[in-house]
Amino acid sequence: MNILLIHGQNHKGSSYHIGRMIADKVSAEKEITEFFLPKDLNHFCLGCYKCIEGDHNCPFYEEKKRIMDAVEAADLLIFTTPTYCLRASAPMKSFLDLTFTYWMSHRPRACMFSKKAVVVSTAAGAGAKAATKDISTALFYWGIPYTKTLGVALQAMNWKMVSEKKKEKIEKRTTKLAKKFSNKKKPFVGLKTRFIFFVMSKMQSGGMGSSPLEKTYWEENGWLDKKSPWK
């Protein structure tokens with residue numbers, strides 16, 4: 001199993017530790033790859049819209065491609081982020097902004113519809129669940145059909161300060177989560193994803209996409225003629 005972790009911070013804090021616990025507990029032969037933000041992609045989306053006419057037009061294409069090639073090759077994606085001001089970290093949000101062309105409303109990648117994902121966030125107090133929602137929403141629109149979230153209030157500023165009682169609970173929760181991802185069974189694409197994809201296909205068919213390139217992309221994949229990426 002190819003596991004990719006994308007961390008919304010450079011340091012190895014509490015969210016990082018929990019993400020690694022899940023990856024290490026997945027009971028399968030595995031290869032683990034990690035990226036750290038902002039170290040591996042230190043840019044904000046400029047809103048230049050050049051990517052609409054082709055991903056290679058993005059000013060940060062080479063750095064972004066390195067991560068997204070790994071995303072496309074992975075079986076399991078694990079996203080981790082600290083909770084900053086009740087939301088995901090700015091580097092993580094920037095990464096999601098820079099990958100919006102992967103959304104079903106633009107040029108979704110067929111491989112996304114067979115992937116699984118976990119989103120982890122930790123907070124000293126409130127906001128961890130909201131932070132995971134930021135990421136899981138984007139992953140849904142990428143087309144990923146199976147995503148689990150784990151938001152944890154630690155009442156601590158770093159991993160060393162987390163109480164042993166809290167760490168025991170985290171151990172149990174990560175073990176339970178890892179079991180859900182240990183099998184190689186292809187995830188089922190749910191009705192909500194199918195409906196959104198259908199609506200986007202009608203939009204592209206009617207020429208209401210962001211550019212003619214998008215309609216051509218959908219046509220080349222056969223998605224305007226009843227074909228779908230999960231079959």
Side-chain angles (χ1 to χ4, degrees), residues 3-11 13-23 34-38 41 44-45 47 64 67-68 71 74 76-106 108-109 112-157 159 162 166 169-170 172-174 176-181 187-197 199-200:
I3 301 175
L4 175 66
L5 292 100
I6 299 179
H7 305 290
Q9 71 285 322
N10 288 336
H11 66 278
S14 300
S15 301
Y16 166 86
H17 278 85
I18 295 175
R20 281 296 314 212
M21 287 168 68
I22 296 169
E34 295 180 286
F35 289 100
F36 294 83
L37 307 171
L41 187 61
F44 289 103
C45 177
K64 184 169 69 174
I67 298 177
M68 296 313 292
V71 167
L76 172 60
L77 304 173
I78 301 177
F79 290 79
T80 76
T81 181
T83 301
Y84 291 160
C85 299
L86 303 181
R87 296 294 177 184
S89 70
M92 180 62 76
K93 179 60 168 63
S94 178
F95 167 74
L96 297 176
D97 290 344
L98 285 166
T99 59
F100 82 96
T101 56
Y102 278 69
W103 283 41
M104 285 186 275
S105 52
H106 297 289
R109 275 53 169 185
M112 295 298 178
F113 294 84
S114 61
K115 296 188 185 302
K116 301 176 183 179
V118 186
V119 182
V120 175
S121 186
T122 59
K129 290 184 178 180
T132 63
K133 184 66 174 176
D134 287 344
I135 304 169
S136 63
T137 296
L139 299 185
F140 169 79
Y141 283 101
W142 279 9
I144 295 177
Y146 188 82
T147 300
K148 293 294 182 181
T149 61
L150 178 57
V152 186
L154 297 175
Q155 286 81 48
M157 293 177 62
W159 186 244
V162 178
K166 181 73 71 172
K169 290 182 179 180
I170 292 170
K172 292 179 180 179
R173 294 179 71 180
T174 54
K176 186 176 180 180
L177 261 179
K179 287 181 179 178
K180 295 179 182 293
F181 296 96
F188 175 75
V189 177
L191 292 177
K192 183 179 178 180
T193 299
R194 293 169 186 254
F195 175 74
I196 294 296
F197 188 85
V199 171
M200 294 302 107

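Because the structure is predicted, anything quoted here is derived from the model rather than measured. Numbers here are sequence positions counted from 1.
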Nearest heavy-atom pair of Leu41 and Leu98: which atoms, and what distance? CD2-CD1, 3.8 Å
Rounded to the nearest 0.5 angstrom, the CE-CZ distance for Met68 and Phe35 is 10.5 Å
Could you state the interatomic distance from CD1 (Ile196) to CZ (Phe140), rounded to the nearest 0.5 Å? 5.0 Å
Residue pair Ile18, Ile170: steps toward the side chain to side chain contact (heavy atoms under 4.5 Å, CB included) verdict: CA-CA 8 Å; Ile18 295 175; Ile170 292 170; 3.8 Å; yes
Quick one: pull up CD1 in Ile135 and CE in Met92 and give me the separation to the nearest 0.5 Å. 4.5 Å
Exceeds 12 heavy-atom contacts within 6.0 angstrom, atom CZ of Phe195: no
Ser121 side chain vs Thr132 backbone, donor-acceptor pair below 3.5 Å: no
Derivation of the ring-ring contact (aromatic ring centres under 6.0 Å, His included) call for Phe113 and Phe197: CA-CA 11 Å; Phe113 294 84; Phe197 188 85; 5.7 Å; yes
Going by heavy atoms in the side chains, are Thr122 and Ser15 under 4.5 Å from each other? yes
Does the plane of the ring in His17 sit parallel, tilted or perpendicular to the ring in Trp159? Use 30° and 60° as the thresholds. parallel
Work out which heavy atom in Ala23 is nearest to a heavy atom in Leu5; give both atom names and the distance. CB-CD1, 4.1 Å
Restricting to pairs with a member in residues 137-155, which pass side chain to side chain donor-acceptor pair (under 3.5 Å), not counting sequence neighbours? Gln155-Lys166
Arg109 and Thr101: which non-hydrogen atoms are nearest, and at how many Å? NH1-O, 3.5 Å
Can you tell if the side chain of Ile3 reaches within under 4.5 Å of the side chain of Phe181, non-hydrogen atoms only? no
Can you check whether Leu37 reaches Ile6 side chain to side chain, under 4.5 Å on heavy atoms? yes
Value rounded to 0.5 Å, distance of CE in Met21 from OG1 in Thr80: 13.0 Å
Does the side chain to side chain contact (heavy atoms under 4.5 Å, CB included) test come out yes or no for Thr193 and Met104, once each step is laid out? CA-CA 9 Å; Thr193 299; Met104 285 186 275; 4.2 Å; yes
Is there side-chain contact between Val71 and Leu77, with heavy atoms separated by less than 4.5 Å? yes
Show the nearest heavy-atom pair for residues Ala178 and Ile22, with the distance to one decimal. CB-O, 3.8 Å
To check you understand the geometry: which heavy-atom pair defines the closest contact between Pro82 and Gln9, and what is its length? CD-OE1, 2.6 Å
Please collect all salt bridge (Lys or Arg N to Asp or Glu O under 4.0 Å) contacts where either partner lies in residues 124-134, sequence neighbours excluded, each pair once. Arg87-Asp134
With sequence neighbours left out, write down each residue that passes salt bridge (Lys or Arg N to Asp or Glu O under 4.0 Å) with Lys64, or none if nothing qualifies. none
Show the nearest heavy-atom pair for residues Ala131 and Thr83, with the distance to one decimal. CB-OG1, 3.8 Å
Measure the shortest side-chain to side-chain distance between Lys180 and Lys116 over non-hydrogen atoms and say whether it is less than 4.5 angstrom. no
